[in-house]
Amino acid sequence: MSTSTYLEQLGREHGFTLAELEANRQGALHPAQIAKGTRKGLASIVVLTVFGALSLGGGLIGAYAFYDGLGPEPSSVDLNAVYAIAGAGVVLALLFFVGARRTFVRRRARTAAFVSARIDVLEGPLNKVHVSGRGVPDQYTFRVGGRSFHTSEKLWELLTQGAHYTCYCVADQLLSFAPGSADSGSAASRRMATKAVGTALT
Amino acid sequence: MTETEWLQTGALAAGAVAVSGAIYAVARWMRKVDALFPEAAKKYGLTFTPEQRGSAFTNVVQSWRLRGVANGTPLEVIATYETRGRSRMRSTLVATQAPAGLPPCTMNILRQPPAAKMHLVPTGDAQFDSQRWVTSDAPAVVRAVLTPAVRTELLRCPQSELRLVVTEGHLVLSFPNTPVNEVELHGPMDVVLAAANKAP
């Protein structure tokens, strides 16, 4: 298998093209990556804000409608129900708004990183982690240069444990990656193996 | 006793025999697994040390260690079972001193062909290459480590995946499980001894 075929496979599974990888290798961002990166997260912010507004409106309007139907002298139990409906709406809305704000802050940092084209290059041996358990979906993760990336099973299967890879990231986003050279891989493997062995043999 | 009563008694007796048989089989299997490490210690001339931390109400770390010198080669085996919340982790490693001058490298020995052939390293041994697939980014080291003796021992290992790491001074073979039979324990130990250029 040629390297370009392998890179195409990786790109297809992760979502990058050879042109994008080449741009990252040159230390630059591909225009398509900038467009994708600055767009990412916008939908989440909108959805969370809308859900928050709906929860707030639903809670308050629901509580008012309930109160309105109680008559001139509502009992304390009915009033408690009114407070509970309004309170639940407000709490739910707060959760959605906090989520939206966190997404907004993350997106602002990511957008700033994309605009300034700050590419983090991570190099080292790749460590594959597969966590499976009863009743929970399998998790596929790989770790390079001290950072972990969640991935799909198909992409995870394409990666070689212990081999040297170079990853190009902007903020929290893995843009592209490629296998490194054998020589640098051996140097990195040494660090990984030393950690694994620890003090087993003295 | 009526015919129905005889049938009921017979069914109950058959059930009791089946349950007793299952309990006996499980107990026998557990005794056999428990004896794996002490027997290996006796065979290879190593010291066996079981360890356990934690209880039924906390996370547990259980390990079985073999340590010593087998046929002039320092050898250490550590099998670990660990619980962390709802997660269960099992792993085993066999370590020795690496032969002098061997460059560092990580190689994966698989029983199934890998999804990508990028890092596939054919050893040149047709019989071995048809049964095992080796992936690594250091093919020269793979060919240096996987001598005919090592390949023969590797073919005896039933594990679906083995990881062999060569580092400065150390050679470590590991797999993500604990051995449940003699072949699963002795196989990797023999591989490491063969790789250290010492006959088992």
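In the text below, chain A, chain B and the rest are named by the order of the sequence lines, each starting its count at 1.
The two residues A:P179 and B:M118 have their closest heavy-atom pair at CG-CE, 4.0 Å.
Counting non-hydrogen atoms of other residues, nucleotides and ligands closer than 6.0 Å to CD of B:Q112 gives a total of 12 or fewer. Applying the 6.0 Å contact sphere to CD of B:Q131 captures more than 12 heavy atoms from other residues, nucleotides or ligands. Within a 6.0 Å radius of CZ in A:R147, other residues, nucleotides and ligands contribute more than 12 heavy atoms. Around atom CZ of B:F48, more than 12 heavy atoms belonging to other residues, nucleotides or ligands sit under 6.0 Å away.
The line from CD of A:Q161 to OG of B:S136 is 11.0 Å long, rounded to the nearest 0.5 Å. Here the NE2-CG distance, from A:H164 to B:D137, works out to 8.0 Å after rounding to the nearest 0.5 Å.
Taking chain A as the reference chain and counting heavy-atom pairs below 4.5 Å, the highest number among B:R88, B:E161, B:M107, B:H119 is found for B:H119.
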